[in-house]
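One-based numbering along the sequence shown. As the structure lists them, so they are numbered: ligands from 1, and atoms in each ligand from 1.
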Amino acid sequence: MVEKEFFKLALGLITASEAHERYRGKECINLIASEGLKSPAVEEMLSQTHDLESRYAEGENDLNGHVKARHYQGQKYMTKIENYTADLMKELVGCNWTDVRLVSGTHANLATFKGLSSATKNNRMVVLPLSAGAHITHDYSGLAGKVLGLETVNHAYNVNELNIDAEKSATIIEGTRPGIVTFGGSVFQFPHPVKELVKVAKETGAYIVYDAAHVLGLIAGGEFQDPFGDGVDFITASTHKTFPGPQGGVILANCEDERMKKAIKKVQKAVFPMTTSNSHLGRLPALGLAALELKLYGKDLAKQTIRNAQTAGKCLFENGIEVLGRKNGFTMSHQIVVDVRDYGGGQKLASDLEDANIILNKNLLPYDNQHNRGDPSGLRIGFQDVTRRGFKPNDIETLCSLILEVIKGKRNSTDVKKDIIKLRQSFPEIKYGFQSINEAKDYLKNLPKT
Ligand SMILES: Cc1ncc(COP(=O)(O)O)c(C=O)c1O
């Protein structure tokens with residue numbers, strides 16, 4: 001390549017990244033259910049950790065999730081940062097052990113599944129079927145099967161209830177005697193029947209893993225299910241979906257008896273040295289700050305997010321769209337799923353909506369041909385981003401009316417796009433959080449003395 005071409009690439013890169021920030025950050029309405037929205041304070045924190053972002057902190061942690069040993073020098077503040085972040089996460093979610101070194105939800109699942117299959121010496125895992133919204137990391141065709149060599153067996157799924165069939169799954173767990181039983185998924189409107197299956201899973205010697213990648217923020221706000229209260233052993237999650245922190249992952253558990261100690265030690269080994277070298281330390285202060293925001297505003301944020309998702313479900317349904325889960329109120333989480341076969345299918349509509357700057361994703365529905373990933377019947381729509389921008393049910397109805405105009409082909413997308421940009425720009429703030437690090441510090445320094 002001639003040098004001139006190389007420089008052209010660099011300029012192209014800078015220009016594209018500036019254009020992206022404007023486009024998705026200021027001109028689109030983001031309804032991707034797996035993407036979070038950070039507060040200005042969390043953004044500021046991320047942009048301040050220049051040095052930390054360059055560092056390594058390889059080593060072992062103890063059974064409180066604190067730093068035990070580090071193999072490089074220069075760690076005195078890094079150790080504090082990791083320990084504070086771990087403690088904030090444990091306090092927020094209500095448990096006594098965590099690992100915050102995971103760089104993604106996928107990494108959290110990798111380390112947890114690896115650790116637990118070696119603790120149990122059992123490579124069988126009962127999982128939600130992919131067709132019912134499981135994440136690929138749980139499936140034989142993804143991380144679980146192809147990377148870890150686990151043998152996966154599907155939970156029984158009730159399409160009418162959009163949920164795991166507890167009675168049939170109990171029989172499957174008894175018959176399979178797995179080392180791990182998972183709950184949670186990427187399409188996740190209703191709490192899974194954890195309580196109903198904990199006993200049978202534990203009797204067979206399995207550990208229970210709840211994948212809260214999508215719903216950690218709702219759980220932290222106390223507005224979805226309480227996985228630890230229901231009896232799960234481990235929670236794995238992303239820290240950037242309904243939990244509005246920096247991109248990363250986390251594992252949480254209660255280290256309360258020998259059974260859990262044994263498992264946690266194996267999971268820690270699977271984190272380091274098996275799968276981590278640098279752990280993207282620059283994100284930790286931002287993660288801890290997001291935990292503080294959820295402690296203060298998480299309940300209101302989760303409540304409003306769920307209310308907004310339910311409002312959208314009702315509004316789209318009343319206007320002729322098949323919204324799944326109607327008999328149970330469409331959703332109890334941040335997301336809804338709609339069947340748009342009658343209007344051209346998921347692929348076409350996701351693309352038409354994109355042309356109107358409404359960003360969401362096409363999705364396979366449980367009854368679709370599961371090989372037809374390119375053109376599924378559904379769309380998945382998440383409301384955590386717009387909620388944090390301040391959308392209330394009447395704003396959701398305005399948004400739905402624009403979505404309906406595109407779905408029904410009443411106006412062309414480029415025309416609707418003008419209204420979407422206006423709507424987006426009428427919500428310039430990010431709520432349920434701090435506007436700056438100084439605002440967070442002032443709040444913490446001036447806490448009422450109780
Ligand atoms: C249920 C579930 N688990 C795990 C993941 C993987 O998380 P990450 O994208 O942080 O690797 C996702 C991603 O969307 C998910 O939906």
Give the numbers and elements of all ligand 1 atoms closer than 4.0 Å to a heavy atom of [X].
X	answer
Gly105	6 (C), 7 (O), 8 (P), 10 (O), 11 (O)
His214	16 (O)
His240	10 (O)

N/O separation below 3.5 Å, [X] to ligand 1:
X	value
Gly185	no
Ser34	no
Ser186	yes

Does a salt bridge link [X] with [Y], judged by any charged N lying under 4.0 Å from a carboxylate O?
X	Y	result
Asp339	Arg341	yes
Glu18	Arg22	no
Lys362	Asp375	no
Glu60	Lys265	no
Glu53	Arg55	no
Arg388	Glu293	yes

For ligand 1, indicate whether the residue Asp211 contacts it via side chain, backbone, both or neither (heavy-atom separation under 4.0 Å).
-> side chain

Quick one: nearest non-hydrogen protein atom to atom 11 (O) of ligand 1, plus distance?
-> Thr106 OG1, 2.7 Å

Pick, from Ala213, Gly248, Ser238, Ser104, the option with the minimum heavy-atom distance to atom 7 (O) of ligand 1.
-> Ser238

For atom 9 (O) of ligand 1, state which one of Lys241, Glu35, His135 supplies the nearest heavy atom.
->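 Among Lys241, Glu35, His135, the closest heavy atom to atom 9 (O) of ligand 1 belongs to Lys241.
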
Gln48 atom CD, neighbour heavy-atom count above 12 within 6.0 Å =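 Yes - once you tally the heavy atoms of other residues, nucleotides and ligands closer than 6.0 Å, there are more than 12.
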
